[in-house]
Amino acid sequence: MATTDAISLSPKIKRHKQYTLVIPLDLQRDRVLLGYKLRGFGQGKYNGYGGKVEPNETVIAAAVRELHEESGLLVGEPAMIQRGVLLLETVADDTSPILEIHVFTVETWEGTEIVTEEMTPHWFSFSKSLATPTPSTSSSGSIPPSFLSSSTTAPSSSSAARIATAAAGAKDPSIDGAHDLPPIPYFQMWEESRVWMPQLLRHVSSDEGGVISSLSSEGSAPTAAVEPRGEEDGKKRKYFIHHVQFVGGTDMDAVDGGEYSVWHGMGPRRLDWVDELPVGEWEGKRSFGTYP
Ligand SMILES: Nc1[nH]c(=O)nc2c1ncn2[C@H]1C[C@H](O)[C@@H](COP(=O)(O)OP(=O)(O)OP(=O)(O)O)O1
């Protein structure tokens, strides 16, 4: 009857495991910094810099810490531009947590990128990475990491004009190192990156503010269908990625009643999942604002 239906239809409660992922953008030199992962989860792949959010740590503090630990770059929390959240749900079993990966870009920082135990830094062309990649157009697979450009120059601050210039491919010839960089090797990254990362970069190139969800003309979040697959982490656990949603983030400039405004551009599932969390679990980890 109705009660039984309601029970059978009620969503399962899943834990969220929070991660950060930071992508440094040097827009003046038309380039993007990624790390080649040397060990652990995602070993042998290129990705932004990030890791697990520790207990009692905010997401943004974790983003700052992990970026520094893995790349040597130092940023203040206000320089972190939150771009969205990847929600990776496993289908291996009902108890596997949803991986909740908070994606940031940074355009200013102190220090110089360094090789760490976890990541080797490599620069890629920003403007060459805007197109939706295909295996034939991607440079992936053919470029061993040791041959990719890795430079040591620190960036300067951003502006809409420089972003537009970089996106148009017009570079300052007096700046070394930016001309011959390859595009991001999307096919040597996590599978879903080739879906959301070009969208994010196009968004940055067209408008330096806001969140990725504004890309969607329908107002719904772009969803990347990803083939189920297994991936072993350090504990030999299998993760089968069912899907990923890139669902927007906070607009840090929009102040609402003394607080940052609530999440923008959320897909409906986002709210469902937040509501499913046991009271207190999400609350304690939340880094911004309030939920409706
Ligand atoms: N499917 C996926 N797509 C993606 O784009 N990024 C992913 C991903 N799965 C994991 N990541 C990112 C999130 C995070 O930045 C990183 C994984 O973090 P790690 O496991 O390396 O965390 P930690 O650096 O805290 O680990 P340890 O210090 O080794 O304990 O990989």
Side-chain angles (χ1 to χ4, degrees), residues 15-25 32-73 75 80 82-92 96-106 114-122 124 129 133 138 140 184-201 212 221-247 249 285 287:
R15 274 189 318 116
H16 283 219
K17 198 168 170 186
Q18 292 185 310
Y19 291 87
T20 62
L21 191 63
V22 182
I23 304 164
L25 302 176
V32 181
L33 184 67
L34 296 178
Y36 181 80
K37 192 91 188 277
L38 298 168
R39 67 169 195 203
F41 199 33
Q43 182 177 359
K45 292 177 172 36
Y46 293 93
N47 207 350
Y49 293 93
K52 299 177 202 72
V53 180
E54 300 290 345
N56 304 317
E57 184 179 44
T58 63
V59 170
I60 198 162
V64 168
R65 176 182 54 74
E66 288 281 353
L67 176 67
H68 187 241
E69 286 174 6
E70 294 183 354
S71 76
L73 304 185
V75 301
M80 283 279 175
Q82 188 161 27
R83 296 294 187 176
V85 183
L86 300 167
L87 296 171
L88 304 178
E89 186 177 10
T90 71
V91 293
S96 297
I98 289 169
L99 303 193
E100 180 187 299
I101 303 176
H102 292 251
V103 180
F104 299 82
T105 57
V106 288
I114 55 169
V115 177
T116 61
E117 285 185 359
E118 205 148 321
M119 302 279 248
T120 308
H122 295 281
F124 299 98
S129 304
S138 171
S140 61
I184 289 173
Y186 288 113
F187 284 76
Q188 286 177 268
M189 302 182 68
W190 287 104
E191 195 177 349
E192 66 281 357
S193 301
R194 73 193 68 150
V195 178
W196 62 265
M197 199 176 280
Q199 294 189 57
L200 169 60
L201 299 184
I212 191 80
T223 300
V226 177
E227 286 296 308
R229 67 178 190 283
E231 189 69 37
E232 290 191 0
D233 67 9
K235 300 186 186 89
K236 305 286 181 224
R237 221 167 5 169
K238 293 278 185 189
Y239 279 92
F240 294 94
I241 308 289
H242 175 54
H243 68 261
V244 55
Q245 278 191 299
F246 202 55
V247 295
K285 292 221 160 188
S287 58

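All of these numbers come straight from a predicted model, not from anything done at the bench. Numbers here are sequence positions counted from 1. For ligands, and for the atoms within them, numbers begin at 1 and follow the listed sequence.
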Undergrad: Check each of Gly35, Ala63, Gly50, Ala62 against atom 16 (C) of ligand 1 and report the one with the nearest heavy atom.
TA: Gly50
Undergrad: Nearest to atom 21 (O) of ligand 1 by heavy atom, Lys37, Lys17, Glu117, Lys52: which?
TA: Lys37
Undergrad: Do the two ring centres, one from Trp190 and one from Phe41, sit under 6.0 Å apart?
TA: yes
Undergrad: Less than 4.5 Å apart, any side-chain heavy atom of Lys45 and any of Gln188?
TA: no
Undergrad: Can you tell me if Met197 contacts ligand 1 (heavy atom of the residue under 4.0 Å from the ligand)?
TA: no
Undergrad: Counting only heavy atoms, which portion of Glu118 has something under 4.0 Å from ligand 1: side chain, backbone, both, or neither?
TA: side chain
Undergrad: Run the numbers for me: atoms of ligand 1, each under 4.0 Å from some heavy atom of Ser193, listed by number.
TA: 5 (O)
Undergrad: Would Thr20 count as a polar contact of ligand 1, with the cut-off being nitrogen or oxygen pairs under 3.5 Å?
TA: yes
Undergrad: Flag Glu70 as yes when one of its N or O atoms lies below 3.5 Å from any N or O atom of ligand 1, and as no otherwise.
TA: yes
Undergrad: Can you say whether the rings of His122 and Tyr36 are parallel (under 30°), tilted (30 to 60°) or perpendicular (over 60°)?
TA: perpendicular
Undergrad: Drop me the distance from Leu200's CG to Ser193's OG, to the nearest 0.5 angstrom.
TA: 10.5 Å
Undergrad: Mind checking whether Glu69 has a heavy atom under 4.0 Å from ligand 1?
TA: no
Undergrad: Do Leu73 and Ile114 have side chains that approach each other closer than 4.5 Å (heavy atoms only, starting at C-beta)?
TA: no
Undergrad: Assess Met189 for proximity to ligand 1: is some non-hydrogen atom of it under 4.0 Å away?
TA: no
Undergrad: Compute the minimum heavy-atom distance from Gly42 to ligand 1 and say whether it is under 4.0 Å.
TA: no
Undergrad: Under a 4.5 Å cut-off applied to non-hydrogen side-chain atoms, are Pro24 and Leu67 in contact?
TA: yes
Undergrad: Using a 4.5 Å cut-off on heavy atoms from C-beta on, say whether the side chain of Met189 contacts that of Arg194.
TA: no
